[in-house]
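For reference, the structure discussed in these notes is given below.
Note on naming: letters A, B, ... go to the chains in the order of the sequence lines (proteins, then strands), and numbering restarts at 1 for each one. Below, each value reflects all heavy atoms present in this structure, side chains not excepted, and no hydrogens, waters or symmetry copies.
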Amino acid sequence: MAVRLCYILGADEAPSSRSKPDRGFQVDDKLIVRFAPSPTGFLHLGSARTALFNWLAARSRGGRFLLRIEDTDKVRSEERFLDEILEDLRWLGLDWDGEPIRQSARFDLYRAKAEELVARGRAYREGEAVLFRVEPGRTLAYDDLIHGRIAVETENIKDQVLIKSDGSPAYNFCCVVDDAEQGVTHILRGDDHISNTPKQILFYEAFGFPQPHFGHMPLILGPDGSKLSKRHGGVSVTEYKAEGFLPAALANYLILLGWTPPGEREILSLQETAEIFRIEDMSGVQAKFDVQKLKWMNGEYILKLPAAEYAARITAQLRSDGLDPDHVPAERLAQAAELYRVRIKTLREFGPLADFFFRDDFAVDEEGQAKHLGTAEGKAALALFADRLAGLDEWRHDTIEALCRELAQEKGLKPAALIHPARMAVSGKTKGAGLFEIMELLGRETVLRRMKEPLT
RNA sequence: GGCGCUAUCGUCUAGGGGUCAGGACGGAUGGUUCUCAGCCAUCAGACCGGGGUUCGAAUCCCCGUAGCGCUACCA
């Protein structure tokens with residue numbers, strides 16, 4: 001296994017063990033990291049993770065987190081993608097320092113820098129393009145923050161395009177020019193950039209720019225071990241947002257893919273994580289994306305939400321799913337949502353489970369319908385229960401429950417014999433929240449109406 | 001093909017010469033209960049393979065194998 005290098009902490013700090021991770025007091029305002037998205041698509045989960053780790057690196061050390069828009073590809077870059085990416089970053093809870101710079105506005109600079117290298121004989125023209133000359137016979141080595149020492153022979157590196165024939169700069173080149181100008185000290189990015197690093201080091205050398213530290217984090221894989229892609233399900237932050245995942249849960253899960261907190265706790269806020277995060281504790285191993293665990297974690301975050309925020313999020317989700325919750329009194333909707341809090345893993349799951357709270361044409365479980373209301377016993381029990389309910393004085397879950405149990409005892413039935421047909425009639429479901437709470441919320445009128453319907 | 005990264009339960013991982021190889025998700029079983037979920041209890045489940053080094057290897061070294069990445073005038 002590669003040796004982990006700890007010198008990035010600064011010369012005066014010895015590599016400490018993770019048993020004493022209290023570095024909250026340390027401030028290293030020299031540390032500058034960046035996230036450099038390309039607005040050619042939505043924010044991918046892998047990119048989101050990269051952004052998260054860069055943010056953590058900065059916020060854990062009092063450094064700066066910059067944004068750079070890599071929109072050199074004019075054909076594929078779109079403004080709507082950029083807006084979406086920035087919105088998703090904010091949604092995840094990330095903030096950045098200063099205004100993002102845009103590479104599309106800096107082509108003159110890149111061309112000038114390339115000319116500089118041509119003038120010094122380090123690069124040459126080939127048509128309209130400018131290429132950097134790579135001399136063979138050297139070993140280019142650097143100490144990766146995550147993988148340890150990585151070395152490549154220059155024999156294996158071709159001359160590098162600096163400026164393309166159409167006048168636009170090549171990725172590796174403007175990346176170096178910008179990182180140097182922005183003063184980036186630590187470059188944390190995906191493993192797919194490992195082989196770009198030696199090429200970029202060549203440019204740092206050619207310009208005499210101080211070389212930043214590099215750290216390459218493994219890519220996120222799909223459940224089958226191949227690169228995470230569409231066929232595995234959602235790959236963009238937007239999709240998980242729409243599914244009803246909470247930003248804090250998604251961020252927490254993504255961070256756990258490649259970094260483990262000391263101790264037993266896995267549920268950590270971004271702020272808590274920033275206090276104990278260290279770059280060199282990141283794993284160098286590719287991780288598979290496991291929706292199961294994400295869902296579990298999302299459930300945990302749903303449980304912790306303050307009541308008002310939970311209700312607001314559920315309502316917003318219903319609205320965006322076209323379930324039209326606004327004709328139901330907010331208070332009642334909030335109470336219904338509470339009944340399902342412990343039963344849902346994503347916000348989106350609430351709608352289908354609880355549709356009977358806000359519409360009469362709710363989905364009906366056919367199998368359950370046949371089982372509980374398709375028999376003479378079921379109907380008889382339902383009629384009995386409905387009849388008795390009509391005369392109940394106070395319509396509360398505890399009075400309804402008392403009535404139900406008394407009635408069952410009186411008739412020599414199990415309470416379940418009354419409960420199941422009733423649940424079916426009232427909600428169309430065989431599972432869900434407790435029947436008595438459901439009835440209280442629905443109100444006597446609705447409950448009785450729905451209970452009588454199967455009897456006609 | 002060349003170059004590079006990686007390898008502990010199904011999944012995320014802890015550990016890093018002597019551990020009953022620990023935790024979490026998921027799974028299974030039992031309990032609670034009107035169902036489901038939850039909660040409680042319990043269980044199953046791993047050091048990629050082969051050689052070394054060593055009294056002793058999951059741990060160090062070498063060789064394989066596998067997965068992934070790069071090998072663009074994409075980023």
Next item on the list: Would you mind reading off the distance between A/Ile146 atom CD1 and B/rC68 atom C1', rounded to a whole angstrom?
Entry: 16 Å
Margin query: Does either side chain, that of A/Arg102 or that of A/Ser77, offer a donor lying less than 3.5 Å from an acceptor on the other one?
Written below: no
Notebook entry, point to check: When we call it a touch if two heavy atoms are under 4.0 Å apart, what does A/Lys227 touch: a base, just sugar-phosphate, or nothing?
Noted result: sugar-phosphate
Checklist line | Nucleotide B/rA66, atom P - distance to CD of A/Gln286 in whole Å | finding: 16 Å
Notebook entry, point to check: With sugar-phosphate meaning primed atoms plus P, OP1 and OP2, does A/Glu266 contact a base, only sugar-phosphate, or nothing at under 4.0 Å between heavy atoms?
Noted result: base
Note to self: Is the base of B/rA75 stacked against the aromatic ring of A/His193, taking ring centres under 5.5 Å apart and planes under 30° as the test?
What the structure shows: yes
Notebook entry, point to check: Considering residues, nucleotides and ligands other than A/Glu128, do more than 12 of their heavy atoms fall under 6.0 Å from its CD?
Noted result: no
Check: Would you find more than 12 non-hydrogen atoms of other residues, nucleotides or ligands less than 6.0 Å from A/Glu410 atom CD?
Finding: yes
Next item on the list: Quick one: look up who B/rC70 pairs with, Watson-Crick or G-U, both distances under 3.5 Å, and put none if it's unpaired.
Entry: B/rG2
Next item on the list: Considering only atom C1', compute the distance from B/rU59 to B/rG16 and round it to an integer number of Å.
Entry: 5 Å
Next item on the list: Look at all strands and tell whether A/Ala287 reaches a base, only sugar-phosphate, or nothing, counting heavy atoms closer than 4.0 Å.
Entry: sugar-phosphate
Checklist line | Side-chain donor/acceptor of A/Ser165 to base of B/rC73, under 3.5 Å | finding: yes
Note to self: Expressed as a whole number of angstroms, how long is the span from A/Phe214:CZ to B/rC70:P?
What the structure shows: 18 Å
Notebook entry, point to check: Expressed in whole Å, how much space separates the C1' atoms belonging to B/rC60 and B/rA66?
Noted result: 23 Å
Check: Given B/rG38, B/rG4, B/rC34, which nucleotide is nearest the side-chain atoms of A/Val342?
Finding: B/rG38
Checklist line | Within-4.5 Å side-chain heavy-atom neighbours: A/Leu339 and A/Phe357 | finding: yes
Margin query: Quick check with a 6.0 Å cut-off and a 45 degree axis cone: is A/Lys304 positioned over the face of A/Tyr301's six-membered ring?
Written below: yes
Item checked: Sugar-phosphate, base or nothing in reach of A/Gly434, heavy atoms under 4.0 Å -> base
Item checked: Integer angstrom distance from the P of B/rC9 to that of B/rG23 -> 16 Å
Note to self: Rounded to whole Å, please give me the gap between CE in A/Met297 and P in B/rU11.
What the structure shows: 18 Å
Next item on the list: For the side chain of A/His420, starting at C-beta, report the closest nucleotide among B/rC34, B/rA37, B/rC25.
Entry: B/rC34
Next item on the list: For B/rG4 and B/rG10, measure between their C1' atoms and round to the nearest Å.
Entry: 29 Å
Next item on the list: Round to a whole Å and report the spacing from CG of A/Asp192 to P of B/rG67.
Entry: 19 Å
Margin query: Taking B/rA41 as the reference, what is the distance to B/rA58 when you measure between their P atoms (whole Å, please)?
Written below: 33 Å
Next item on the list: Please report, rounded to the nearest Å, how far the C1' atom of B/rG16 is from the CG atom of A/Asp281.
Entry: 15 Å
Check: Which nucleotide sits closest to the side chain of A/Lys345: B/rC68, B/rG38, B/rC34?
Finding: B/rG38
Check: Considering only heavy atoms and no angle criterion, is a donor-acceptor pair shorter than 3.5 Å present between the side chain of A/Lys293 and the base of B/rA24?
Finding: yes
Checklist line | Gap in Å between the two P atoms, one belonging to B/rC36 and one to B/rC68, rounded | finding: 41 Å
Margin query: For the P atoms, the ones on B/rA21 and on B/rU53, what distance do you get once it is rounded to whole angstrom?
Written below: 25 Å
Margin query: Taking 4.0 Å as the cut-off, does a side-chain nitrogen or oxygen of A/Lys164 come that near to OP1 or OP2 on B/rA75?
Written below: yes
